[in-house]
Amino acid sequence: MGALSSDNLLLGDEGRQAGLARALYRTVCDLPIISPHGHTDPAWFALNEPFPDPAHLLVVPDHYVFRMLVSQGVRLDDLGIARMDGAPVEADPRAIWQRFAENWHLFRGTPTRLWLDYTFEKLFGLTEPLSAATATEAYEQIDACLKRDEFRPRALFERFNIEVISTTEGALDPLDHHRAIAESDWQGRVVTTYRPDAVIDPDHEGFSGALDAFGELTGCDTGRWQGYLDAHRVRRAFFRSHGATATDHGLQSARTANLSGADAQALFDRIRSGRAGEGDADLFRAQMLTEMAKMSAEDGMVMQIHPGSVRNHHGGVFETYGRDKGFDIPSAIDYVHALRPMLDAVGMEPGLSVIVFTLDETSYARELAPLAGVYPSLKLGPAWWFHDSPEGMRRFREMTTETAGFYNTVGFNDDTRAFPSIPARHDIARRVDCAFLARLVCDHRLREDEAFELARELTVDLPRKAYKFDEPR
Amino acid sequence: MGALSSDNLLLGDEGRQAGLARALYRTVCDLPIISPHGHTDPAWFALNEPFPDPAHLLVVPDHYVFRMLVSQGVRLDDLGIARMDGAPVEADPRAIWQRFAENWHLFRGTPTRLWLDYTFEKLFGLTEPLSAATATEAYEQIDACLKRDEFRPRALFERFNIEVISTTEGALDPLDHHRAIAESDWQGRVVTTYRPDAVIDPDHEGFSGALDAFGELTGCDTGRWQGYLDAHRVRRAFFRSHGATATDHGLQSARTANLSGADAQALFDRIRSGRAGEGDADLFRAQMLTEMAKMSAEDGMVMQIHPGSVRNHHGGVFETYGRDKGFDIPSAIDYVHALRPMLDAVGMEPGLSVIVFTLDETSYARELAPLAGVYPSLKLGPAWWFHDSPEGMRRFREMTTETAGFYNTVGFNDDTRAFPSIPARHDIARRVDCAFLARLVCDHRLREDEAFELARELTVDLPRKAYKFDEPR
Amino acid sequence: MGALSSDNLLLGDEGRQAGLARALYRTVCDLPIISPHGHTDPAWFALNEPFPDPAHLLVVPDHYVFRMLVSQGVRLDDLGIARMDGAPVEADPRAIWQRFAENWHLFRGTPTRLWLDYTFEKLFGLTEPLSAATATEAYEQIDACLKRDEFRPRALFERFNIEVISTTEGALDPLDHHRAIAESDWQGRVVTTYRPDAVIDPDHEGFSGALDAFGELTGCDTGRWQGYLDAHRVRRAFFRSHGATATDHGLQSARTANLSGADAQALFDRIRSGRAGEGDADLFRAQMLTEMAKMSAEDGMVMQIHPGSVRNHHGGVFETYGRDKGFDIPSAIDYVHALRPMLDAVGMEPGLSVIVFTLDETSYARELAPLAGVYPSLKLGPAWWFHDSPEGMRRFREMTTETAGFYNTVGFNDDTRAFPSIPARHDIARRVDCAFLARLVCDHRLREDEAFELARELTVDLPRKAYKFDEPR
């Protein structure tokens with residue numbers, strides 16, 4: 001029993017089911033971490049500089065954390081969130097940390113609480129619950145840790161037992177940090193992911209300029225449809241040469257289209273020349289998902305689709321503080337009609353692998369499990385974003401397993417930029433899976449030997465295979 | 001162990017979790033009832049006359065009850081439901097009661113069964129399950145109770161340990177009963193709530209006449225947009241002077257709009273002059289939600305939004321028997337786009353507090369918890385209407401807590417006109433919350449001391465604060 | 001404890017709740033099977049010929065089974081699925097069986113696994129889990145069984161203790177097999193169901209020809225609206241004379257309409273004469289649901305509505321292999337607006353009984369339970385298709401019971417063409433219901449005596465009554 005968290009967290013103490021859950025967990029808790037989708041900064045591992053102070057490591061950059069404080073009336077300025085206009089905001093990390101600690105009770109019942117308590121205890125050795133009273137002591141202890149060499153990025157990477165971690169970079173990124181890591185004598189495996197949203201979404205700020213740069217970077221004529229597609233091919237190959245095994249697409253809807261070559265070219269011409277009509281931008285994004293799928297069928301890159309978030313819900317917050325400030329809100333989303341053109345085109349191709357995520361849990365049992373349960377190209381991404389929580393991950397298994405089984409899922413994604421919390425996130429996912437497997441066994445729906453096999457597969461084998469980390473490099 | 005209900009109802013008998021649930025429940029079961037949203041009749045407390053016979057107290061006015069009998073073929077006439085045309089219906093309360101008792105098995109597994117068994121036993125002292133055989137005896141015993149002074153409204157109010165109860169009145173209501181209560185020597189706190197649907201919804205029957213009356217009552221020129229808004233301000237102040245701390249808005253959708261002043265005025269003019277075009281009524285309702293929010297940000301009244309019911313689903317029943325006959329059916333509803341204009345306008349205002357309810361449980365985890373988990377003005381109303389049941393309240397906690405926490409919720413609303421069942425409803429809500437908290441503790445997701453603190457907060461502190469009952473009057 | 005399945009499957013081993021679940025189950029496990037909705041072939045019972053080999057009995061015809069194999073890259077050809085062009089596919093049943101057995105682990109956590117393990121053990125006496133290693137032995141043992149007389153259809157029907165089974169036939173079917181069964185000396189009760197989709201859906205291939213045949217068969221003038229409706233009346237009576245008590249309607253949406261006689265006639269004329277405009281086919285289907293409901297109110301046939309599946313999602317698979325190949329995917333569906341015209345017209349008719357199914361679980365608590373909880377004509381079909389699984393059936397009870405109770409539900413439907421698995425399917429449904437009832441009792445929401453009564457009612461009484469199998473023939 002730890003000071004802040006229990007060995008039996010999410011597994012239970014009493015009865016056969018809890019006992020089995022603990023036994024399953026013991027076989028996977030020390031397996032390496034596969035982190036195939038996330039947003040850590042490759043500069044950390046390239047430069048290996050110390051992390052900043054506790055507030056600027058754990059509070060300021062994490063919108064999971066500060067959105068809850070905001071919901072109870074704490075101002076973004078007072079949490080040190082930088083303003084677009086450069087006006088001053090709270091700069092004292094101790095003051096930010098104190099506000100956070102005073103409001104720690106707000107996180108009761110949330111995964112953030114579990115991740116941070118785990119991190120406080122296991123990584124930084126705290127022994128008292130965070131509160132207004134313990135805030136200063138906690139700050140000092142964490143801050144002292146962060147100044148030590150064994151808390152630098154590479155040391156933590158090794159201590160966390162990370163086998164491989166994927167970062168995410170835009171299509172124009174030079175990937176310098178990834179090159180530096182590869183050329184260094186450090187052995188950690190940090191790979192990139194091709195995320196071309198900025199050169200695919202005509203509504204993205206600076207789209208036209210991005211396409212020009214895309215052409216210069218690749219030597220392709222991005223003023224024409226075929227040249228534009230070729231530019232993607234060139235950059236995909238460049239990303240692969242920096243370890244990428246996957247692409248990522250975070251558009252608002254899952255809509256796909258499969259236009260004829262002539263129609264696609266005409267659409268591109270309208271958009272590129274500024275003559276796009278209503279609906280053209282949406283149709284272009286839809287067409288590009290299918291184009292990306294076709295390229296994946298050719299070059300073998302795993303395609304990830306993450307739709308469904310209404311970004312920057314409050315205009316004023318967006319104008320003042322910019323993107324990613326906790327104001328991205330899910331909405332209802334259709335997959336069955338939206339994915340049909342793409343699946344119709346290439347869904348039965350043996351070389352294609354598409355991993356679909358959702359923020360709308362109603363699609364698990366109704367659409368995604370039935371689709372993944374028949375299309376060989378389709379796999380289910382794990383419970384995502386607001387749903388990578390104990391109840392969310394439990395619902396994912398309960399609502400997908402009966403139709404899609406376990407083998408059309410791909411293990412856990414931490415999807416985070418909060419590097420210190422990565423072990424906690426994987427640990428909790430493993431616990432939830434083990435508890436679910438133990439329930440199936442105690443319901444006599446699965447044999448014990450199968451549950452032990454599955455616990456390991458869900459933890460390491462399925463993500464290695466789904467993201468092709470087990471293929472020769 | 002009671003005759004009809006168990007002390008361990010919804011808490012369980014075996015194991016650590018049930019033991020902790022019972023321990024939590026024991027600390028909150030005797031706390032006073034805060035009933036911030038409901039439909040009791042203020043005349044009961046002003047006049048303090050005896051309640052009618054058992055059938056006309058417990059069956060005829062409660063569409064939760066009679067809709068189930070109708071679903072199995074019992075005719076509304078035979079249950080004494082009055083017809084609009086005045087044609088005779090069953091008038092014998094004993095016959096109505098007998099029909100109800102014969103069909104008591106239909107309620108197995110429903111919250112109505114739990115509320116009424118609790119009421120039968122704890123309030124009226126019944127010791128036998130209701131059935132055709134026990135119907136007469138039960139009727140006589142309840143009827144005898146109702147004739148005694150200690151079953152009059154004020155006595156029950158005190159016996160129920162109600163700290164405060166809110167009723168709901170239309171914008172034109174003179175609030176005479178509330179004045180009478182305030183001027184009486186009785187100390188019970190009965191407050192009103194401002195529900196202006198009839199002067200906000202152009203599709204409401206008699207809307208135009210209502211606006212004329214609204215003008216006369218307030219001395220404002222409701223023929224013009226600014227005068228119409230002023231009339232709301234006048235009535236809101238009048239309601240506040242009768243104890244109101246909140247407004248309530250029960251429109252079909254959650255759509256909001258934020259038109260320019262000129263557009264809003266032009267819209268009002270079209271509607272007021274009978275020249276409204278298609279979509280104008282809907283747009284006006286949307287605009288008025290934002291206007292009400294702006295007034296709330298000024299005058300501090302808590303705004304409640306209750307959307308999502310398709311009213312009077314069967315035309316024939318509506319024509320014959322009128323509104324509120326059990327034929328209001330929920331439908332899918334969007335919040336993320338619908339609330340955006342209002343939240344964009346005033347969602348970050350420190351003075352605003354909006355409590356949102358839903359009949360579409362899919363919005364809990366997908367839209368409402370993410371919205372309430374970031375907007376300081378937004379709180380989640382409890383599981384509502386068809387969902388204020390054990391499974392419904394459990395789903396509410398499971399699907400909102402991880403993203404919105406507990407502190408963006410506001411405690412329980414009984415939302416009922418069935419006064420005798422109010423203690424049962426609050427009791428069951430407390431049991432469900434204690435069982436949920438106990439589960440979190442036994443999962444090691446929450447410490448025991450936190451669970452005890454939360455049990456009390458969910459029961460009394462959060463509703464007092466959310467509805468501003470703890471502020472100086 | 002069996003070799004492949006446990007006596008305590010889905011009931012649990014420990015504690016009072018599991019003990020009660022087992023006690024409830026013991027009172028219903030041997031009750032006869034009522035199978036009011038399914039797709040077994042009446043020729044089996046008319047001709048009583050042996051079933052084919054294991055692969056062509058259990059794998060090739062069951063898209064629940066082969067869709068999972070396809071999802072992991074097994075080709076339909078290699079599973080012996082016939083091609084529309086007659087090109088050769090795998091013909092060796094042993095090769096098909098081997099592929100199936102090698103992939104048996106894919107079914108972990110699915111209901112298919114439970115049904116087949118139950119069938120393997122209880123029907124065919126297998127004692128080892130299926131795997132690549134045991135595939136041949138299992139094949140031989142099952143194949144040997146199938147060649148014995150006691151494994152012929154009629155013998156199995158009796159061994160399975162089937163009281164009555166409904167098949168489903170199109171409106172033009174001559175029902176020869178049903179007549180042969182009735183005229184035989186065999187006592188098994190096999191009834192038909194009237195499924196007129198092909199003469200109701202203008203988008204159905206061969207619709208026009210089907211209407212011509214419909215006229216010839218009935219002697220009605222199906223060139224005119226009244227004659228077309230009369231043809232339905234004639235065929236409904238013919239189906240009733242072959243035991244039918246119900247009709248079945250499997251359109252994509254639940255939309256209904258209630259046009260005036262003149263408008264309906266004009267719509268029919270447009271469709272019949274090939275002058276249908278956009279939306280006419282959809283409106284015609286909607287109108288026909290209401291017409292079918294009106295006929296049911298007259299002739300007493302129970303009406304079943306099964307909407308919500310997007311059929312043949314992949315065009316290439318449909319072209320190559322035809323319908324029913326596992327590519328039918330549910331989508332979101334509205335009932336509250338869609339059913340309103342029909343319910344408005346005849347929803348309060350005492351003679352009407354409509355059973356509604358859904359593939360969109362979000363409609364359970366939001367729309368279907370509230371509708372069934374008030375309309376006397378409406379009942380809830382059980383968890384259907386992808387959802388007739390342990391988790392799916394549990395969610396059905398949790399999300400419908402509190403609003404609609406138990407008595408607005410109709411027992412279990414196996415809805416299968418996989419005859420050998422019928423006992424397994426009913427067994428699992430009984431276990432899930434008993435476990436749910438035990439939970440209610442242990443929560444003190446239901447008395448034990450009520451749970452025992454309900455266990456029996458859910459198993460035999462409600463389906464007999466809902467499908468009118470208990471009425472004099």
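Every chain is numbered from 1, with letters handed out A, B, ... down the list of sequences.
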Donor-acceptor under 3.5 Å (B:K465 side chain, B:P463 main chain): no
Heavy-atom pairs under 4.5 Å with chain B, option from A:A435, A:G12, A:A332 with the top count: A:A332
Step-by-step salt bridge (Lys or Arg N to Asp or Glu O under 4.0 Å) determination, A:D360 to B:R366: CA-CA 6 Å; A:D360 180 356; B:R366 186 181 60 215; 3.1 Å; yes
Per-residue contact mode, A:V70 against chain B (heavy atom under 4.5 angstrom): both
Sorted by number, residues from residues 397-405 of chain B in contact with chain A (heavy atoms, under 4.5 Å): B:E398, B:M399, B:T401, B:E402, B:T403, B:A404, B:G405
Output field: ring centroids B:Y407/A:H105 closer than 6.0 Å: yes
Distance, nearest 0.5 Å, that separates CD of B:Q287 from CG of B:D282: 12.0 Å
A:F107 versus chain B, the contacting section by heavy-atom distance below 4.5 Å: neither
Max heavy-atom pair count under 4.5 Å with chain A, selected residue of B:E367, B:R340, B:K379: B:R340
Reported CG-to-CD distance for the pair B:N413 and B:Q304, which is rounded to 0.5 angstrom: 6.5 Å
Step-by-step salt bridge (Lys or Arg N to Asp or Glu O under 4.0 Å) determination, B:R16 to A:E14: CA-CA 8 Å; B:R16 184 183 166 224; A:E14 299 175 326; over 6 Å; no
Per-residue contact mode, B:E457 against chain A (heavy atom under 4.5 angstrom): side chain
Engaged part of A:L114 at the chain B interface, taking heavy atoms whose separation is under 4.5 Å: side chain
Derivation of the salt bridge (Lys or Arg N to Asp or Glu O under 4.0 Å) call for A:E102 and A:R99: CA-CA 5 Å; A:E102 282 165 4; A:R99 277 181 200 112; over 6 Å; no
A:S389 side-chain N/O to A:P111 backbone N/O, donor-acceptor pair under 3.5 Å: no
Among A:F357, A:Y364, A:W384, ring pair (Phe, Tyr, Trp, His ring centres under 6.0 Å) partner for A:F396: A:Y364
Selection from B:L378, B:T362, B:L371 maximising heavy-atom pairs under 4.5 Å formed with chain A: B:L371
Pairwise side-chain contact, B:V302 with B:K468, heavy-atom cut-off 4.5 Å (strictly under): yes
Option in B:G347, B:A365, B:S377 with maximal non-hydrogen atom pairs under 4.5 Å from chain A: B:A365
Heavy-atom proximity to chain B below 4.5 Å, by part of A:V74: neither
Which atoms of A:R113 approach chain B - backbone, side chain, both or neither, heavy atom under 4.5 Å: side chain
Residue among A:G392, A:P390, A:G326, A:G315 with most heavy-atom pairs under 4.5 Å to chain B: A:P390
Aromatic ring pairing A:H313/B:Y375, orientation class (parallel under 30°, perpendicular over 60°, tilted between): perpendicular
Under 4.5 Å from a heavy atom of chain A, the part of B:A372 involved: backbone
Heavy-atom pairs under 4.5 Å with chain B, option from A:L10, A:L69, A:V317 with the top count: A:L10
Rounded distance [0.5 Å steps], CG in A:D443 versus CD in A:Q17: 7.0 Å
Contact winner vs chain A - B:L343, B:L339, B:L437, heavy-atom pairs under 4.5 Å: B:L343
Toward chain B, the part of A:R395 with a non-hydrogen atom under 4.5 Å: side chain
Option in A:R394, A:E361, A:R75, A:H63 with maximal non-hydrogen atom pairs under 4.5 Å from chain B: A:R394
Mutual orientation of the aromatic rings belonging to A:H314 and A:F327 [parallel < 30°, tilted 30-60°, perpendicular > 60°]: tilted
Proximity of A:F412 and A:H426 rings by center, below 6.0 Å: yes
